[in-house]
Amino acid sequence: MSPVERTRSEPQPVLERDEYGRVQRLTFASDATTCSQVTGRWLVALDGSANSLRALDSAVRLMPDTLPGVDLVYVHPPLSIEAAESELSAFGWNTTEAARERLRRADRRWCLHILTGAPATGIAELASRMESACIVVGARGTSAVEALLMGSVTQELIRVAPAPVLVVR
Amino acid sequence: MSRILLPVSEYTDSRAAVQWTIAARRSDPCTTVHVLVVHPPISAYVAGFVRHCWIDDMRAERAEAVLQPVRREFQGANVPYQEHVRVGHPADVIAREARRLACDQVVIATDRRSGLVRALAGSVSSEVLELCPVPVVLIPAEEASALQRYGVPAAVGGGLGLLVAAASG
């Protein structure tokens, strides 16, 4: 079997692996300086839906103009080691395409984090690590019964969040 | 120019929410702040037997107790604000006032409860999330107390268990 040369549309990310060698966290940045340790930024959770884009718009409108940029996070459901190695960055990069385009037009710098695993805890951990000033999520507008049965990411996030949570619908 | 609606109540600690509002005002000096106190309606069975002036007195006293610390914080930070006192179902009133005052964010303090407890015990902030047309910033309480984390779910679970036992037995 010859190795298939795959053309990547995304730039080379910064990788972080867990103890099994699985890719756990990827970081992309719009420019070299944005991701260097600046704390107190806003963290916007993206899932590729129209609502998460609305959340991003609200975040850009409401956050202080003095902030140097914005953190984006996309959490992918758990993948096997091989799939995480080959596909995670492409999944995250392609899903957040529209969001990055909007930030480029709004002239904001960004830092994109791609995680795998449970969304709420992943977002909360990242927020406490980046010392985010605010976490922004889009609510999908699930009904109370649905949220009770399926569990809503937002509900869970409110319970574990280390910072204020801005919910946009 | 942004408008912030800050509902306060005696049941949640609104200090962090007030601090958030002051910080938002500092980053955008054109921000106007509306502080809202909502009195839940009094049951007709009670209201029929109590003098209206007593009810009014009680409400005024409660609103005063809630607003006093908020006023002190805002005056200390030199932030102008408007006070609104309304009677009605809290989440409905908050959503309606947010629309009426054309606010672009609602800031509420919330405590850390799980989705199940929220759904069963009722939560104003969850209802506001469902009803409110504008972005909502949820300011989580410091840390869930041991009673809230274990006691309340245990009590709810025990109650449900008893119900199931009674239904099947």
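Residue numbering restarts at 1 for every chain, and letters A, B, ... go by the order of the sequence lines. Everything numeric in this text was worked out from a predicted model, so none of it was measured.
Annotation for B:R15: atom CZ does not count as buried by contact number, only 12 or fewer foreign heavy atoms lying within 6.0 Å.
In this structure, CG in B:D111 is found 12.0 Å from CZ in A:R159, a value given to the nearest 0.5 Å. Taking CG from B:D28 and CG from A:D65, the interatomic distance works out to 7.5 Å, rounded to the nearest 0.5 Å. Here the straight-line distance linking atom SG of A:C134 with atom CD1 of B:I139 works out to 7.5 Å at 0.5 Å rounding. To the nearest 0.5 Å, the span separating OG on B:S27 from CG on A:L62 amounts to 9.5 Å.
Cluster annotation: B:L131 is not connected to B:V38 through the hydrophobic network of ILVMFWY side chains, with a link wherever side-chain heavy atoms come within less than 4.5 Å. Hydrophobic cluster membership differs between A:F28 and A:L53, with clusters built from Ile, Leu, Val, Met, Phe, Trp and Tyr side chains linked at under 4.5 angstrom. In the hydrophobic clustering of ILVMFWY residues, with side-chain heavy atoms under 4.5 Å counting as a link, A:L56 and A:L67 come out together. Criterion: ILVMFWY side-chain heavy atoms under 4.5 Å apart, direct or through other members. Under it, B:V93 and B:I42 are not part of a common hydrophobic cluster. Two different hydrophobic clusters hold B:I55 and B:V37 under the rule that ILVMFWY side chains link at heavy-atom gaps under 4.5 Å.
Heavy atoms closer than 4.5 Å to chain B are found in the side chain of A:S58, but not in its backbone. A:R54 does not touch chain B: none of its heavy atoms, backbone or side chain, sits under 4.5 Å away. Of the two parts of A:V136, neither the backbone nor the side chain holds a non-hydrogen atom closer than 4.5 Å to a non-hydrogen atom of chain B.
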Residues A:L166, B:V136; criterion side-chain contact (heavy atoms from CB on, under 4.5 Å); working and verdict:
CA-CA 5 Å; A:L166 171 63; B:V136 179; 5.8 Å; no
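Counting heavy-atom pairs closer than 4.5 Å to chain B, the top residue among A:A55, A:A161, A:A163 is A:A161.
Here the side chains of A:V165 and B:V137 are not in contact, with every heavy-atom distance at 4.5 Å or above.
In this structure a side-chain-to-backbone donor-acceptor pair under 3.5 Å is present from A:R169 to B:L129.
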